[in-house]
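The structure appears below as structure tokens.
Heads up: numbering here begins at 1 and tracks the sequence. Quick caveat, the model's predicted, so the values are computed rather than measured.
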Amino acid sequence: MSSITEEQEAFVVKSWDSMKKNAGEWGLKFFLKIFEIAPSAKKMFSFLKDSNVPLEQNAKLKTHAKSVLVMTCEAAVQLREAGKVVYGVLDEHFEVTKYALLEIIKEAIPEIWSIDMKNAWAEAYDQLVSAIKTEMK
């Protein structure tokens with residue numbers, strides 16, 4: 001497994017610092033993007049079953065989405081210092097989650113988004129997924 005570079009780490013840290021004050025909003029957008037790409041992912045969440053509340057207004061989804069985004073981004077920021085691993089994402093959803101995460105970060109920080117930023121987050125996410133898969137074995 002390759003290691004995230006200091007430059008990539010700096011991109012990830014800078015963008016997360018810019019986003020985290022609105023983590024709740026970006027977390028919800030992150031999950032809405034996942035559900036847009038893979039509608040069947042909604043079935044993974046018991047609190048969405050039999051709910052008539054629109055996703056955008058579902059309090060449990062908002063809380064869950066924020067915590068997942070914060071855990072994911074904090075783990076990505078800490079990769080070079082062997083940070084925490086995020087659990088609970090099924091193998092077949094990793095690519096959907098990666099795409100959604102990159103899209104939401106791009107939307108959150110358009111003024112500093114670049115191909116280098118995208119590559120840094122992609123590498124951080126790939127390394128995080130590798131660590132998760134290792135822990136899942």
ask   = Can Val53 be reached from Leu48 by stepping across I, L, V, M, F, W or Y side chains whose heavy atoms are under 4.5 Å apart?
value =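 No, separate clusters.
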
key: Hphob cluster co-occupancy, Phe47 + Ile34, side-chain heavy atoms under 4.5 angstrom   =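 Linked, Phe47 and Ile34 end up in one cluster.
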
Which atom pair, heavy atoms only, marks the closest approach of [X] to [Y]?
X	Y	result
Val77	Glu9	O-OE2, 3.8 Å
Glu56	Leu32	CG-CD1, 3.8 Å
Lys49	Lys43	CE-O, 3.4 Å
Gly27	Leu69	N-CD2, 3.4 Å

Straight-line distance of [X] [atom1] to [Y] [atom2], nearest 0.5 Å:
X	Y	atom1	atom2	result
Glu25	Lys62	CD	NZ	10.5 Å
Leu55	Asn58	CG	CG	7.0 Å
Leu128	Met71	CG	CE	10.0 Å
Ser114	Asn119	OG	CG	8.0 Å

key: Under 3.5 Å: donor-acceptor pair, side chain of Thr63, backbone of Ala59   =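 A pair under 3.5 Å: yes.
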
inquiry  = Keeping Tyr125 on the side-chain end and Phe94 on the backbone end, is there a donor-acceptor pair under 3.5 Å?
reply    = yes

Answer yes or no: is there a side-chain heavy-atom contact under 4.5 Å between [X] and [Y]?
X	Y	value
Leu28	Lys66	no
Phe45	Leu61	no
Lys118	Lys106	no

Side-chain donor-acceptor distances from residues 15-24 under 3.5 Å, at least two apart:
from	atom 1	to	atom 2	distance (Å)
Ser15	OG	Phe11	O	2.9
Ser15	OG	Val12	O	3.1
Ser15	OG	Trp121	NE1	2.5
Trp16	NE1	Glu74	OE2	2.7
Asp17	OD1	Lys20	NZ	3.3
Lys21	NZ	Ser18	O	3.0

query = Does the pair Lys98 and Asp126 meet the rule for a side-chain contact (heavy atoms from CB on, under 4.5 Å), with working shown?
reply = CA-CA 8 Å; Lys98 178 180 179 179; Asp126 289 346; 2.9 Å; yes

query = Any chance CZ of Phe35 has more than 12 other-residue heavy atoms, nucleotides or ligands included, within less than 6.0 Å?
reply = yes

request  = Take Glu103 and Phe30 through the test side-chain contact (heavy atoms from CB on, under 4.5 Å) and record every step on the way to the result.
outcome  = CA-CA 8 Å; Glu103 287 295 303; Phe30 173 52; over 6 Å; no

